[in-house]
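Some notes on the structure that comes next.
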Amino acid sequence: MCGLDDFKLTVGRLSKLRYELQTNKPMYKLTDKHADVELWNQYYDKEKERNGMDPCWFTNAWLYVECFMYRSIKETLALSMFLKDFDPFEEQKRSAFMSSQTPIVTLANHLLHIVSSNEHRDADLLEKDFRHMVELSLWGNKNDLSISGGSENYQKADPLEQLDELQPYILVDQINDMWRHLKSCANRKCGRCRIDIILDNAGFELFGDLCFAEFLLRMGLASEVHLHAKAMPWFVSDTTSQDFWWTLEMLQASNNGELSRLGTRWHQHIKDETFFLKQDDFWTLPHNYAELRAMAPQLYQDLSASDLVVFKGDLNYRKLTGDLQWPHTTPFVDALQGFLPAPLCVLRTLKADLVVGLQEGQDKQAEEKASDWMVSGNFAVVQFYVDRAWEQL
Ligand SMILES: O=P(O)(O)OC[C@H]1O[C@](O)(CO)[C@@H](O)[C@@H]1O
Ligand SMILES: [Mn+2]
């Protein structure tokens, strides 16, 4: 088959997918060669058994249906001859990165300034800088391309200047608890701590996450950082391994000295095993994280070796909490339903209508401020949990 025919066939399959989705047709079993096919098909069978009918696009759970849409796009491409590894969102991701150059440079300057100053013998200052780096990584999550339907949504304003005014929008702020945990880990393990980041979006958010990782390394709060990327194009802007390498290449090749230094440094971190880039099919399955241990035992075991697992973004939050309509005051740990491979935290801006761990009445106050508080990406939570037993290890 020639390229043009292959292309036409693929576009036809994508149009069919869109039509079926828009008209609530049944979903279907996957047939491509990817290793996750059986797990997806088992999930399909379970849903069918539960509801007594084939899963359909409008009637099954939002999380499953939404994940399946991205997986179906992947299958359509996988079944083609010439577009197997094509990332349909690549252009948007790259252009979002390019459009965020000004705030990226601001953030790079800030990071390099704080890591090269000697002032951190003052513990209070170090704690303040830690808070800022967490907040920068958190608010980077505002900029995803799935919430904007794929159209431009990139960081425009100076990210540092915004931090103070954004503070009241952090509904749960457990940054101090994270700080205490990392300090005590670093003390106990002489800085030999492992941090994992379950990445979310590429572009400004990924850059902010890498800056946070660099900060932890340079301040002696971590000795290695494991970065978990998606195994396929996902929710438009999520970071794949390909996006990660492209970002590092772009930084290294930048005319800006600071960006270029960071790009070179992060390549080196990979070489000397300070950074680890990982991907696992589990992150692109529809399953809740309470099922991770049973579904992906090796991944669970790997995460268990971490001193802190940082989950970025809204989709990770939905999977951590099972995407359920929890009363908003439910303790965060209860919503995790036993998923506790290691101390963990979430840095998430709210884009879906669920949240836990709020104080009584906090939801009403947020609602008064903005009726779309749960879905606009303008409010956030930083939630942390460590089991007592881990603290004593
Ligand atoms: O990139 P994030 O923070 O995971 O956001 C993705 C979110 O965007 C949506 O696709 C649309 O709001 C949600 O389904 C999803 O949770
Ligand atoms: Mn995302």
Side-chain angles (χ1 to χ4, degrees), residues 21 57-58 60-74 87-90 92-94 96-97 100 134-155 166 169-171 197-209 212 227-244 247 279 282-289 309-326 335 345-356 370 372-383:
L21 191 156
W57 288 99
F58 290 0
N60 278 72
W62 179 34
L63 183 62
Y64 168 43
V65 165
E66 203 178 10
C67 288
F68 187 69
M69 181 188 77
Y70 288 99
R71 183 62 183 82
S72 297
I73 295 174
K74 174 65 194 165
D87 179 346
F89 313 121
E90 186 180 276
Q92 286 144 294
K93 288 186 271 192
R94 292 185 177 186
F97 175 84
S100 311
V134 175
E135 289 179 354
L136 286 161
S137 168
L138 167 70
W139 290 115
N141 181 245
K142 256 165 115 74
N143 311 111
D144 87 87
L145 291 165
S146 72
I147 199 171
S148 61
S151 55
E152 266 192 355
N153 183 16
Y154 58 86
Q155 177 73 26
L166 288 173
Y169 293 88
I170 306 181
L171 297 172
I197 305 181
I198 316 304
L199 296 171
D200 189 0
N201 305 304
F204 182 73
E205 178 167 358
L206 173 62
F207 184 75
D209 297 342
F212 177 46
L227 302 156
H228 300 260
K230 299 291 191 300
M232 64 183 73
W234 200 243
F235 280 67
V236 188
S237 42
D238 283 19
T239 308
T240 61
S241 299
Q242 215 171 311
D243 297 325
F244 175 85
T247 305
Q279 63 176 44
F282 184 79
W283 305 121
T284 48
L285 286 175
H287 300 71
N288 301 326
Y289 294 164
V309 185
V310 181
F311 288 88
K312 292 293 319 283
D314 193 66
L315 181 61
N316 274 325
Y317 195 86
R318 291 172 62 195
K319 289 181 163 190
L320 279 167
T321 56
D323 211 25
L324 297 172
Q325 293 295 321
W326 297 98
C345 76
V346 292
L347 308 182
R348 173 233 184 181
T349 65
L350 278 65
K351 301 169 192 166
D353 58 350
L354 82 151
V355 68
V356 294
D372 63 352
W373 66 285
M374 292 189 99
V375 294
S376 60
N378 293 331
F379 287 76
V381 289
V382 178
Q383 292 172 309

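We count ligands from 1, going down the list as the structure has it; atoms in each ligand are counted the same way.
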Could you tell me which atoms of ligand 1, counted from 1 in the order shown, lie closer than 4.0 angstrom to a heavy atom of [X]?
| X | result |
| --- | --- |
| Gly313 | 3 (O) |
| Asn141 | 3 (O) |
| Asn201 | 1 (O) |

Check your understanding: Hey, does the side chain of Asp243 reach the backbone of Ala202 with a donor-acceptor pair shorter than 3.5 angstrom?
Key -> no
Minimum heavy-atom separation for [X] and [Y], please, with both atom names.
| X | Y | result |
| --- | --- | --- |
| Leu138 | Thr349 | O-CG2, 3.8 Å |
| Asn201 | Asp238 | OD1-OD1, 2.9 Å |
| Asn288 | Phe282 | O-CZ, 3.7 Å |
| Ile197 | Phe212 | CD1-CD2, 4.4 Å |
| Val65 | Trp57 | CG1-O, 3.3 Å |

Exercise for review: Verify side chain to side chain contact (heavy atoms under 4.5 Å, CB included) between Val356 and Tyr317, making sure each step is shown before the conclusion.
Suggested key: CA-CA 10 Å; Val356 294; Tyr317 195 86; 3.3 Å; yes
Practice item. Classify the angle between the aromatic ring planes of Trp234 and Tyr70 as parallel (below 30°), tilted (30 to 60°) or perpendicular (above 60°). Key: tilted
Side chain, backbone, both or neither: which part of [X] comes within less than 4.0 Å of ligand 1 when only heavy atoms are counted?
| X | value |
| --- | --- |
| Arg348 | neither |
| Glu66 | side chain |
| Asp200 | side chain |

**Study point:** Option nearest atom 13 (C) of ligand 1 (shortest heavy-atom distance, choices Lys351, Lys319, Arg318)
**Key:**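 The nearest heavy atom belongs to Arg318.
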Review point. Does Glu90 CD have over 12 foreign heavy atoms under 6.0 Å away?
Key: yes
Exercise for review: Run the contact test for Trp62 against ligand 1 with a 4.0 Å cut-off on heavy atoms, strictly below, and give the result.
Suggested key: yes
**Study point:** Sub-3.5 Å N/O-N/O distance, Phe235 and ligand 1
**Key:**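 Between Phe235 and ligand 1, no N or O pair is found under 3.5 Å apart.
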Review point. Hey, is ligand 1 close enough to Asn316 that some N/O pair sits below 3.5 Å?
Key: no
Practice item. Assess Asn201: does it contribute an N, O or S atom lying under 2.8 Å from the Mn ion (ligand 2)? Key: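 So Asn201 counts as coordinating the Mn ion (ligand 2), yes.
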Point to revise | Shortest-distance N/O/S atom, Asp200 versus the Mn ion (ligand 2) | key: OD1
Study note, to complete from the structure: Restricting Asp238 to its N/O/S atoms, the closest one to the Mn ion (ligand 2) is OD1
